[in-house]
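First up is the structure itself, then whatever we jot down about it.
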Amino acid sequence: MTTRPDLLSLSIACPPPDEGGVEVRPIVNGRDLLAEVVPGGVGGSRYLGVGPRDLLGQDGPLYATATPHEVRLAWSGCGVEECCGALYMTVTRNEDHVVWAGWRDLANQDFDLPELRFIAVAG
């Protein structure tokens, strides 16, 4: 039995200036990863996506290579990771797939998400 790859799109959210900053919202299999898969974040505060300038581009941290590297995908609450949390994962390129795994949040030691695999090269 083969596992189907996950589907990823990145949405750029631009709230009004007095309601927060521009953020990247990963949409995985049609669901907002930060809002639905991790409902409410730590302590009831929802996760906020990192800004596009910090994530995107060929030299950005979401660019997958054979060398695994950790990426901060979101933060929560007051911005102090040990207090309110921040969502990290490891991104790597595994042949024709980009793999997001090794999820962690310093404020929530029991936090766990499954490995996600996205097609890196169109077939």
Side-chain angles (χ1 to χ4, degrees):
M1 180 168 108
T2 344
T3 304
R4 297 178 66 168
D6 295 292
L7 301 175
L8 172 68
S9 64
L10 299 173
S11 175
I12 307 299
C14 302
D18 58 339
E19 293 180 23
V22 176
E23 61 180 303
V24 175
R25 304 294 296 188
I27 310 300
V28 178
N29 300 325
R31 297 175 58 199
D32 182 326
L33 179 72
L34 304 181
E36 293 185 27
V37 177
V38 189
V42 176
S45 176
R46 75 176 187 92
Y47 282 106
L48 300 172
V50 174
R53 290 184 184 173
D54 297 321
L55 282 182
L56 306 178
Q58 185 158 349
D59 295 329
L62 286 183
Y63 186 75
T65 65
T67 304
H69 59 277
E70 191 169 67
V71 175
R72 184 176 79 161
L73 199 57
W75 57 280
S76 182
C78 69
V80 177
E81 296 179 12
E82 294 80 4
C83 172
C84 293
L87 183 60
Y88 285 86
M89 54 84 176
T90 300
V91 63
T92 190
R93 174 81 180 253
N94 183 347
E95 297 179 6
D96 290 340
H97 290 95
V98 172
V99 179
W100 289 7
W103 298 91
R104 71 179 184 92
D105 181 338
L106 292 174
N108 184 358
Q109 299 301 317
D110 296 329
F111 179 82
D112 189 33
L113 276 177
E115 177 180 282
L116 299 172
R117 295 174 92 51
F118 312 106
I119 295 176
V121 178

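Everything quoted here is computed from the prediction, not taken from an experiment.
The shortest heavy-atom contact between Gly49 and Arg25 is N-NH1, 3.8 Å. Val50 approaches Ala74 most closely through the heavy-atom pair CG2-N, 3.7 Å. Minimum interatomic distance between Ala64 and His69 (heavy atoms only, all atoms of both residues): CA-CE1, 4.5 Å.
Within a 6.0 Å sphere centred on CG of Asp18, other residues, nucleotides and ligands contribute more than 12 heavy atoms.
Remark: of the listed residues Leu73, Val71, Val91, Val71 is the sole one forming a side chain to side chain contact (heavy atoms under 4.5 Å, CB included) with Pro61.
Shown here are the ring-ring contact (aromatic ring centres under 6.0 Å, His included) partners of Tyr63, two or more places apart in sequence or in another chain: there are none.
Of the inter-residue distances, the one linking Leu34 atom CG with Glu23 atom CD reads 7.5 Å to the nearest 0.5 angstrom.
Contact annotation: the side chain of Leu116 approaches that of Trp103 to within less than 4.5 Å [non-hydrogen atoms, C-beta and beyond].
Linking Ile, Leu, Val, Met, Phe, Trp and Tyr whenever their side-chain heavy atoms come within less than 4.5 Å leaves Leu33 and Val99 in two separate clusters. When the side chains of ILVMFWY residues are joined at heavy-atom separations under 4.5 Å, either directly or via intervening members, Val28 and Tyr47 end up in a single hydrophobic cluster.
Residue pairs satisfying the ring pair (Phe, Tyr, Trp, His ring centres under 6.0 Å) criterion with at least one member in residues 79-102, sequence neighbours excluded, are listed as follows: Trp100-Phe118.
Side chain of Asp32 to main chain of Ile27: no donor-acceptor pair is present (N/O by atom type, distance under 3.5 Å, no hydrogens or angles). The backbone N or O of Thr92 lies less than 3.5 Å from no partner atom in the side chain of Thr67, so there is not a single donor-acceptor pair.
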Side-chain donor-acceptor pairs of residues 5-13 under 3.5 Å, sequence neighbours excluded:
from : atom 1 : to     : atom 2 : distance (Å)
Asp6 : OD1    : Asn29  : ND2    : 2.8
Asp6 : OD2    : Arg117 : N      : 2.9

